[in-house]
S.K.: 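Just passing along the structure, written as structure tokens.
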Amino acid sequence: MAASGFSIVLIIALLIGSVVFIALGTLIYYLIYRHIINKRIANGDTSKKGMMSPVWMPVILVGLQFIFGNPLLAVILIPFLTFNIVGESELEIHESEEMLCISVEAMQEGHLSVYSIEENEGYTKQQSEDGGIRFTCFSAQEMGNSWQPHYLLYTELSEDFPNNAVYVIEGTFYENGEATGGVSWYPTKKEFPNCIISGMPDIEDMDCTYEIEITCNVLDEKEEETLGSFSETFVLSTAKEK
């Protein structure tokens with residue numbers, strides 16, 4: 001459940017809890033009030049001080065609910081209304097395109113386990129290295145609709161940066177030289193090597209060139225000093241002429 005959905009559920013739960021608390025509290029006080037009054041009448045006792053009218057009990061309980069009840073109820077409900085945090089960065093950038101950033105370790109399971117940072121059959125390999133960072137791009141040789149990714153772009157560290165370094169990976173996707181979207185990811189050192197995966201529209205009958213400009217900046221812990229930086233544009237595909 002997303003954070004906004006969690007908030008809505010929590011608010012609804014608090015409102016329902018408040019209504020139940022006020023209704024039960026008022027009912028219990030009314031029953032006690034009626035019992036005591038009836039007992040006094042039966043005994044003919046008129047000397048004792050009168051009790052507060054049940055009409056005022058909801059007002060008092062509303063005040064008590066907001067001061068004490070809601071915080072307590074929230075503490076009780078939060079463990080049962082947990083939500084999942086997705087550890088991967090995914091961004092829809094075109095009609096039928098998605099960019100997914102994922103660690104190579106996480107790719108070892110599921111359908112992505114068939115892909116390798118070394119070689120992939122049916123893909124053209126491009127590789128560049130600078131500033132302690134190595135990019136390896138695999139572009140699919142067949143660009144039609146398929147469940148397989150149209151490209152895989154691996155990022156590796158070829159230098160040993162400090163453990164507290166900050167990594168910023170950004171990719172911009174171009175169609176005929178025009179930017180159509182992008183992705184940003186901030187992996188930790190242990191999440192290297194990682195991979196940006198994407199699919200593209202069916203371009204079999206289109207006259208388009210697809211490229212991705214990828215940059216990676218390695219900053220110190222306070223993000224004040226650049227420890228390593230690299231930018232490269234990879235040609236993913238050139239569509240067949242019409």
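Along the sequence shown, residues carry numbers from 1. Just the heavy atoms: all of them, side chains too, but no hydrogens, waters or symmetry mates, feed the values below.
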S.K.: How many angstroms lie between atom CD of E213 and atom OG1 of T233, to the nearest 0.5 angstrom?
M.R.: 4.5 Å
S.K.: Are the side chain of T226 and the backbone N or O of G228 linked by a donor-acceptor pair below 3.5 Å?
M.R.: no
S.K.: Decide whether I16 and L24 are clustered together by the hydrophobic rule: side chain heavy atoms of Ile, Leu, Val, Met, Phe, Trp, Tyr closer than 4.5 Å, transitively.
M.R.: yes
S.K.: Does the gap between the ring centers of F138 and Y115 come in under 6.0 Å?
M.R.: no
S.K.: Which heavy atom of E221 sits nearest to which heavy atom of V166, and what is that distance?
M.R.: O-CG2, 4.0 Å
S.K.: What's the shortest heavy-atom distance between I214 and G171, and which atoms?
M.R.: CD1-CA, 3.9 Å
S.K.: Going hydrophobic residue to hydrophobic residue with side-chain gaps under 4.5 angstrom, can you get from F192 over to V218?
M.R.: yes
S.K.: Testing W185, Y151, Y154 for side chain to side chain contact (heavy atoms under 4.5 Å, CB included) with I196, which one passes?
M.R.: Y151
S.K.: I want to check something: taking the side chain as every heavy atom from C-beta on, are L227 and E225 in contact at a cut-off of under 4.5 Å?
M.R.: yes
S.K.: Rounded at 0.5 Å granularity, tell me how far CG in N217 sits from OH in Y186.
M.R.: 10.5 Å
S.K.: With a sphere of 6.0 Å drawn around CD of Q108, does it hold more than 12 non-hydrogen atoms of other residues, nucleotides or ligands?
M.R.: yes
S.K.: Are any side-chain N or O atoms of T26 and backbone N or O atoms of A23, one a donor and one an acceptor, separated by less than 3.5 Å?
M.R.: no
S.K.: Can you tell me how far apart SG (C195) and CG (L152) are? Round to the nearest 0.5 Å.
M.R.: 4.5 Å
S.K.: Measure the spacing between CD of E170 and SG of C101 and express it to the nearest 0.5 Å.
M.R.: 10.5 Å
S.K.: Using modelled atom types and a 3.5 Å cut-off, is there a donor and acceptor pairing between side-chain atoms of K189 and backbone atoms of F161?
M.R.: yes
S.K.: Between the main-chain N or O of S139 and the side-chain N or O of K125, is there a donor-acceptor pair closer than 3.5 Å?
M.R.: no
S.K.: Under 4.5 Å between side-chain heavy atoms, hopping through other hydrophobics if needed: is there a path connecting I22 to L27?
M.R.: no
S.K.: If you take all heavy atoms of P162 and Y167, which pair is closest and at what distance?
M.R.: O-OH, 4.0 Å
S.K.: Can you tell me if Q127 has over 12 outside heavy atoms packed within less than 6.0 Å of its CD?
M.R.: yes
S.K.: Could you tell me if the side chain of E156 sits less than 4.5 Å from the side chain of I117, heavy atoms only?
M.R.: yes
S.K.: Hey, does E232 have a side-chain heavy atom less than 4.5 Å from the side chain of L153?
M.R.: no
S.K.: Do M107 and I197 have side chains that approach each other closer than 4.5 Å (heavy atoms only, starting at C-beta)?
M.R.: yes
S.K.: So, E129 and S158: side-chain donor and acceptor under 3.5 Å apart, yes or no?
M.R.: yes
S.K.: Between C216 and I133, what is the shortest heavy-atom contact and its length?
M.R.: O-CD1, 3.6 Å
S.K.: Identify the two heavy atoms, one from I169 and one from P187, that lie closest to each other, and give their separation to 0.1 Å.
M.R.: CD1-CG, 3.9 Å
S.K.: With distance as the sole criterion, is a donor-acceptor pair present between the side chains of E191 and T188 under 3.5 Å?
M.R.: yes
S.K.: Without hydrogens or angle criteria, can the side chains of S103 and N194 be said to hold a donor-acceptor pair below 3.5 Å?
M.R.: no
S.K.: Specify whether F135 and F230 have parallel, tilted or perpendicular ring planes, treating 30° as the upper limit for parallel and 60° as the lower limit for perpendicular.
M.R.: parallel
S.K.: Specify the closest pair of heavy atoms between A140 and Y123, including all atoms of both residues, with the distance to one decimal.
M.R.: N-CD2, 3.3 Å
